[in-house]
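Notes for the one structure printed next.
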There are 2 protein chains.
Amino acid sequence: MATQLDNFDRKLLMEVQRDAQIPQTELGVRVNLSTAAVNRRLRRLADEGVIDRYSAIVAPEKVDYPLTIVANVEVESEQIDLLDAMKRTFAQCPQIQQCYYVAGEWDFVLVMTVRNMDQYTELTRQLFFSNNNVKRFKTLVSMSRVKVGLGVPVDIVDE
Amino acid sequence: MATQLDNFDRKLLMEVQRDAQIPQTELGVRVNLSTAAVNRRLRRLADEGVIDRYSAIVAPEKVDYPLTIVANVEVESEQIDLLDAMKRTFAQCPQIQQCYYVAGEWDFVLVMTVRNMDQYTELTRQLFFSNNNVKRFKTLVSMSRVKVGLGVPVDIVDE
DNA sequence: TCTGAAAATGGACCTTT
DNA sequence: AAAGGTCCATTTTCAGA
């Protein structure tokens, strides 16, 4: 599953995770590689799916989505088709940024971004109260987004 | 706080959140604007901080970080400097992708990506057990990353 | 790795509202 | 003034030798 990477790849991944707009010439300088080599490697990393995609990260508070909420959900039944239906519902909801199906005290952890509490209340109606398979849920309101990202560590190793 | 946006901006934000590599000419076709106008608007959105940054999204399982874990943390004291110290520690830890300081049953929610359970165990030592201000924590292991992103909804409105 | 063509970005300048 | 469009120079990407 894990693709073969060398330290050049890892350094490149580190850089483009931080900032995907750095020109390949500059990346070449930073990792000590020619522009063409950087170009080939980035293409390969994208083709292999190591780089899933490139994305603009939008500041939610600037587009009037100032509230981040974490919701934990416990289900009634773990029957596969019921779970799949829930996963699809959660995945489709634009306000749900992340949904993890977890083992432990809860079954789902949702990270949501909303305009205000009213919108969240409305979403709990749609997603939780009107869903027979939701046994209970608990809301955690974020007071501070201390760290928000999808960055994956890439550890430089001795080769 | 929320910047003035029109529907052109919103459509652009939708597009570049999904895929930041679409050329500005193509974006122009999609939103019905000249390339130059797209260019100006994207620059403005970045300057104003609406677009926080551009990032390559790496698939964690491809770089041998197959495990996602959500950890809830309760603190002993909410004294400001102790909290700040914790926030800094969490923010610095490369395996912590996200850290929210929350109100509710817990004080922090952490979303972590790790190589294996051993690494997580080691991290709990460093972050939780060896920190006097951690009263208790609870671990939720993700079995499925149903939806993972930082996308913010941008609602097209009548103007 | 180097070179060069093709593509994309971004500024200058003029026009429209 | 604020924003759009066209045109053009510069920068960047990316393939072939």
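Chain letters run A, B, ... following the sequence lines, proteins first and then strands; every chain starts at 1. Basis for what follows: all heavy atoms, side chains included, without hydrogens, waters or symmetry-related copies.
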Would you mind checking if A:R30 and A:E26 are paired as a salt bridge, meaning a charged N to carboxylate O distance below 4.0 Å? yes
Answer with yes or no whether the hydrophobic clustering places B:I69 together with A:W106; edges join I, L, V, M, F, W, Y residues whose side-chain heavy atoms lie under 4.5 Å apart. no
Give a yes/no on whether any side-chain N or O of B:S34 is located under 4.0 angstrom from OP1 or OP2 of D:dG4. no
Report which part of the nucleic acid B:A37 touches: base, sugar-phosphate, or nothing (heavy-atom distance under 4.0 Å, all strands). sugar-phosphate
For B:D19, salt bridge (Lys or Arg N to Asp or Glu O under 4.0 Å) partners two or more places apart: none
Counting side-chain heavy atoms from CB outward, which of C:dT1, C:dG10, D:dT6 is closest to B:Q24? C:dG10
Could you check whether the side chain of B:R40 and the base of C:dG10 have a donor-acceptor pair of N or O atoms closer than 3.5 Å, going by distance alone? no
Would you mind reading off the distance between B:N7 atom CG and D:dA3 atom C1', rounded to a whole angstrom? 16 Å
Do B:V50 and B:I22 belong together in a cluster built from hydrophobic side chains that touch within less than 4.5 Å? yes
Go through C:dG10, D:dG5, D:dT13 for me and flag the one nearest to the B:L33 side chain. D:dG5
Is there a side-chain polar atom (N or O) of B:R41 under 4.0 Å from OP1 or OP2 of D:dA3? no
Considering only side-chain heavy atoms of B:P23, which listed nucleotide, D:dT6, D:dT12, C:dT9, is closest? C:dT9
Between C1' on C:dT9 and CD on B:E26, what's the gap in Å once rounded to a whole number? 16 Å
Take B:Y100 and B:F90, measure what ring-ring contact (aromatic ring centres under 6.0 Å, His included) needs, and give me the verdict at the end. CA-CA 10 Å; B:Y100 303 99; B:F90 291 151; over 10 Å; no
Could you tell me the separation between the CG atom of B:L42 and the P atom of C:dA8, rounded to a whole number of Å? 14 Å
Nearest-Å distance for atom pair CG/P, residues A:N32 and C:dT1: 9 Å
Candidates D:dT13, D:dG4, C:dT9 - which lies nearest the side chain of B:N39: C:dT9
Whole angstroms only, please: what is the CZ-P distance between B:R44 and D:dA2? 12 Å
Integer-rounded Å distance: D:dA1 P and B:Q4 CD: 20 Å
Please report, rounded to the nearest Å, how far the P atom of D:dT13 is from the CD atom of A:Q21. 10 Å
CZ of A:R43 versus P of D:dG16: gap in Å, rounded? 11 Å
